[in-house]
Amino acid sequence: MFQVGSVVLWCFDNYYYYASCILLISISGIIETLVETRRNTRKIKEMAHFTCPVRVVRDGAWRDGKAEDLLPGDVFEVVPGMHILPCDAVLLEGDCIVNESMLTGESVPVAKAPVVPVVFGKMRLASSTFGSDIAKHVLFSGTRLVRVKKTSLGFGGNRWLDLEQRTGLGTPSRATAMVLRTGFNTTKGALVRSILFPRPNKFKFYEDSFRFIGVLAIIAVIGFLASIGNFLRLGLTAHIITVRALDLITVVVPPALPATMSIGVSFALSRLRKRHIYCISPTRINVCGKLNVAVFDKTGTLTEEGLDVLGVQTVDHDGTLCQFNELREDPSALLADPAAIPTAPSSAFSSVGSSYGMGFSGGLAGIAGLDRSSSMTTTPQRATDPSKLRVLHALATCHTVKQVDGELIGDPLDVKMFQSTEWVLEESEDYGAMPPASGASVAGHAITEADPRSSRRAMMPVPTVVRPPHSERFTLNEASNTNVYELGIIRTFDFSAALRRQSVVAKRLGARYNEVYVKGAPEAIRELCYSDTIPRDFDRTLLDYTNHGYRVIALAGKPLKMSWPKLQRLKRDAVEQDLVFMGFLIFENKLKPTTAPVLDELRGAKIRQIMCTGDNVLTAISVGRECGMIPEDMKVFVPRLIRRKENVPDATARSAAPLAGDGANACAGSSASGTDVRAMVVWEEAGDELSVLDPYTLEPRLATVPVKERVVTSDVAETPEEMDQQQQQYLGWLHGYTNLDMALTTNGKYCVAVTGEVFRFMMDEAPELTIGRMLMRGAIYARMSPDEKAELVESLQEIGYCTGFCGDG
């Protein structure tokens with residue numbers, strides 16, 4: 001309106017050319033913005049709208065319909081031809097693999113399992129998201145269906161089977177799912193809604209802009225009133241007074257400013273569109289220039305997506321002391337290598353179950369998961385022979401790799417690990433089925449019409465099988481063939497970001513017991529292993545690899561005698577305990593060619609860079625120095641969390657309970673009274689034990705003797721009294737044996753690398769002043785879970801940073 005009024009005013013004052021130019025520029029800018037916004041909105045609509053034919057249960061029968069007619073509570077069939085899932089649905093039957101990159105940015109396909117009864121009690125449909133324990137049973141709208149497999153009958157399976165037999169509408173469904181949410185209520189719908197209607201953000205840029213316009217308006221009003229009085233005193237006509245006084249306002253508050261900014265935004269939209277970046281809120285482009293912190297994930301963002309296996313470093317348990325063997329660059333050569341077979345104390349191989357019967361009657365259709373070479377009535381012996389564990393078995397089984405159309409898919413780390421073994425992976429396209437006594441069979445399912453439940457008993461899952469490249473394949477006709485060498489993956493516990501590990505239970509064909517293998521972060525695996533199976537040079541070897549930027553995965557395992565039914569009910573904690581440490585798997589992760597130039601450009605723009613990753617802290621520091629995020633002359637301080645034994649994080653959750661009190665001493669892990677000390681943080685320079693940080697102010701200090709020689713000798717205190725004593729001694733050492741490092745304080749060339757457990761402790765217990773200093777000095781955040789990554793970005797925004805995150809975190 002201000003621009004229209006200004007153009008009319010200039011026409012009265014015979015400024016036709018100027019008024020025409022401003023009018024033309026304004027109209028062109030408006031039209032360009034509208035066209036671009038409409039184009040982007042159409043793109044969003046094309047992305048959001050999807051329909052496909054579906055087969056749904058309606059009025060007691062299977063009927064054909066359209067996906068757009070689905071309602072919550074409908075049960076529909078999931079078939080391979082359904083490439084895009086039309087709604088949020090819980091999987092009742094079947095085994096699906098989906099690509100959720102559209103929602104999460106993760107290109108790794110995700111396996112979905114049929115729902116179990118306990119999940120329905122945890123499900124909250126009012127929430128926009130589901131926890132990981134529920135999400136693994138949910139098919140999300142907009143995600144791409146990679147594979148569908150048939151399983152045994154699940155929820156309502158007998159009913160669907162009866163419907164198909166009665167109506168004659170074909171073979172049993174490959175998989176069924178029940179609709180939970182449709183339209184904008186789905187997870188995809190919430191994403192589209194957030195794009196179309198972004199939440200209002202109070203950017204300081206716009207606040208300052210309105211203040212600037214307001215000041216100009218005040219000046220214009222004052223000038224307007226003063227000029228009117230002056231013109232009246234000169235006796236000018238009303239027309240001249242009106243035109244000249246209002247013209248003064250257009251001089252102070254330029255009407256061309258919005259038009260100029262619109263043209264700039266239009267050019268920016270055009271340049272973004274050429275890079276396939278679409279924006280439906282053009283006003284936010286101006287805010288992009290206010291970004292002053294960029295947070296990057298590491299793997300797949302700063303470094304290449306794929307990992308290369310550098311080798312495996314196994315452990316020699318034959319002697320009285322455990323020690324590492326030489327690095328083996330070819331893991332596939334470990335099969336017949338006795339050095340890869342750990343010899344652990346017999347106490348490490350205690351049996352969880354005293355009996356060993358698989359608990360099945362009749363013939364067996366599964367392969368590799370069952371002991372076919374021995375009688376089911378044989379009395380088992382306790383597993384005390386350590387030669388049953390092999391590192392190669394751990395590499396071949398401890399993963400979630402799937403095979404689709406002959407191609408291995410899964411986490412890039414898992415795929416590379418399995419490919420390094422050169423073994424073969426086989427997955428059955430169906431569940432094994434044994435015909436019951438009646439011999440009835442429908443579409444490959446062994447059933448009887450009188451008792452549909454017999455199909456549930458007859459159907460048994462065929463495990464994923466892995467075997468050496470030239471090994472013969474097992475068949476029931478050659479059950480006595482001793483040349484068959486293969487392992488069946490009986491049970492899998494998926495990788496947990498909170499636990500930082502993954503585990504499987506496997507069984508070698510002909511063996512009398514199962515093999516448990518666990519892989520994960522070295523510091524997490526170490527806590528689960530017997531101490532006498534950990535090499536003395538564990539820390540030195542790990543430090544050497546991480547300092548060179550390698551990614552290190554720890555391997556552990558144990559034999560486990562247990563019947564099949566008990567194994568299926570076994571909890572994760574019982575599997576992942578009393579382990580034997582087996583060695584390190586080392587990956588090489590190279591930087592992307594574009595990483596260093598992009599970071600140099602950001603530094604030139606005075607934009608701070610932070611790395612936030614789930615990898616080891618020393619590996620992250622090495623990558624940070626390699627890409628230039630951390631200058632070579634900058635010191636990096638790494639924290640150690642010293643805690644009481646009862647406060648060592650359990651396998652279930654790292655952020656369950658507070659570790660310390662509050663107040664100024666909380667960063668050192670004590671309450672205000674100095675008693676009940678439960679944890680404290682010790683900051684040390686990564687390459688110099690004499691350079692430390694004050695736990696409260698995070699100021700650099702120089703020590704005369706290392707802290708571990710005087711006070712802190714272990715990361716765990718056995719008793720509360722010992723923890724309290726260590727805290728008091730540490731504070732005494734800090735003030736008695738250290739002095740302020742004036743040179744480092746003056747030049748400010750130091751930063752901190754924060755681990756996930758320390759970040760959680762600091763955010764929960766440390767004073768706000770200490771948290772603010774940690775956020776200001778933090779350059780590396782390692783071993784961070786997805787929730788902690790989000791919390792980091794929010795915390796940076798709270799202290800005034802305009803923060804952007806780049807990566808899949």
Side-chain angles (χ1 to χ4, degrees), residues 293-311 313 327 329 411-413 416-417 500 521-523 539-554 584-639 683-688 691 744 747-756 758-759 777-784 789 792 803-809:
V293 171
V295 183
F296 294 93
D297 188 29
K298 184 180 75 70
T299 306
T301 303
L302 298 176
T303 61
E304 296 286 356
E305 184 68 39
L307 298 168
D308 296 322
V309 176
L310 181 70
Q313 190 144 22
L327 179 70
E329 296 183 359
D411 186 277
L413 184 147
K416 283 290 186 180
M417 180 184 73
R500 296 178 292 166
E523 55 269 28
D539 292 325
R540 182 184 60 79
T541 304
L542 178 61
L543 182 65
D544 184 57
Y545 283 122
T546 53
N547 278 339
H548 286 84
Y550 296 116
R551 185 168 185 176
V552 181
I553 302 297
F584 287 143
L585 175 62
I586 300 97
F587 290 93
E588 186 178 15
N589 200 193
K590 299 178 181 178
L591 283 179
K592 287 183 176 179
T594 56
T595 297
V598 168
L599 295 184
D600 286 338
E601 191 172 350
L602 291 176
R603 275 193 298 274
K606 304 300 181 182
I607 296 177
R608 179 185 168 193
Q609 304 135 45
I610 296 175
M611 184 190 302
C612 186
T613 177
D615 208 345
N616 180 276
V617 63
L618 298 178
T619 300
I621 293 173
S622 176
V623 172
R625 291 197 184 278
E626 184 180 357
C627 67
M629 185 176 289
I630 302 176
E632 290 296 331
D633 59 345
M634 178 171 285
K635 287 190 173 185
V636 182
F637 290 87
V638 180
W683 298 87
E684 296 176 314
E685 205 267 315
D688 185 3
S691 185
L744 196 57
N747 60 41
K749 291 185 177 181
Y750 72 95
C751 62
V752 298
V754 185
T755 59
V758 172
F759 177 81
R777 288 289 180 183
I780 302 292
Y781 293 85
R783 297 296 188 205
M784 298 282 282
K789 292 179 181 180
L792 171 64
T803 309
F805 192 100
C806 181
D808 59 17

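Every value quoted in this text rests on a predicted model; they were computed, and no experiment measured them.
- Closest of all the heavy-atom pairs between Ala753 and Pro639 is O-CD, 2.7 Å.
- Separation of atoms CZ (Phe805) and SG (Cys612) is listed at 5.0 Å; rounding is to 0.5 Å.
- Taking NE2 of His548 as the reference point, atom CG of Leu543 lies at 10.0 Å (rounded to 0.5 Å).
- To the nearest 0.5 angstrom, Ile586 atom CD1 is 13.0 Å from Arg551 atom CZ.
- A donor-acceptor contact shorter than 3.5 Å is absent between the side chain of Thr546 and the backbone of Thr619.
- Using a 4.5 Å heavy-atom threshold, the side chains of Asp615 and Phe587 count as separate.
- Taking 4.5 Å as the limit, every side-chain heavy atom of Val598 sits out of range of all side-chain heavy atoms of Thr595.
- Counting heavy atoms from C-beta outward, Leu302 and Met629 have side chains that approach closer than 4.5 Å.
- Residues Lys592 and Thr303 share a closest heavy-atom pair of CE-O, 3.4 Å.
- Contact of the Asn616 side chain with the Val552 side chain is not registered, since no non-hydrogen atoms from C-beta on lie closer than 4.5 Å.
- Checking side-chain atoms of Arg783 against main-chain N and O of Gly614 turns up a donor-acceptor pair under 3.5 Å.
- A distance of 5.0 Å separates CG of Leu602 from CD of Gln609, quoted to the nearest 0.5 Å.
- Interatomic distance, CD of Glu601 versus OG1 of Thr594, reported as 11.0 Å (0.5 Å rounding).
- Listed for the Gln313 side chain is no donor-acceptor partner under 3.5 Å among the backbone atoms of Gly311.
- In this structure the side chain of Thr613 reaches within 4.5 angstrom of the side chain of Asp297, judged on heavy atoms.
- Two residues are said to be in side-chain contact when any heavy atoms from C-beta on lie closer than 4.5 Å; Phe296 and Ile610 fail this criterion.
- Counting heavy atoms from C-beta outward, Ile630 and Met611 have side chains that stay 4.5 Å or more apart.
- Contact record, Ile607 with Val293: CG2-N, 4.0 Å, taken as the closest heavy-atom pair.
- Taking both residues in full, the closest heavy atoms of Pro522 and Phe584 are given as CB-CE2, 4.1 Å, listed atom of the first, atom of the second, then distance.
- Taken from NZ in Lys635 to CG in Leu744, the straight-line distance is 5.5 Å, to the nearest 0.5 Å.
- When side chains are defined from C-beta on, Phe637 counts as touching Ser691, because their heavy atoms get closer than 4.5 Å.
- The closest donor-acceptor contact from the side chain of Arg625 to the backbone of Met634 lies under 3.5 Å.
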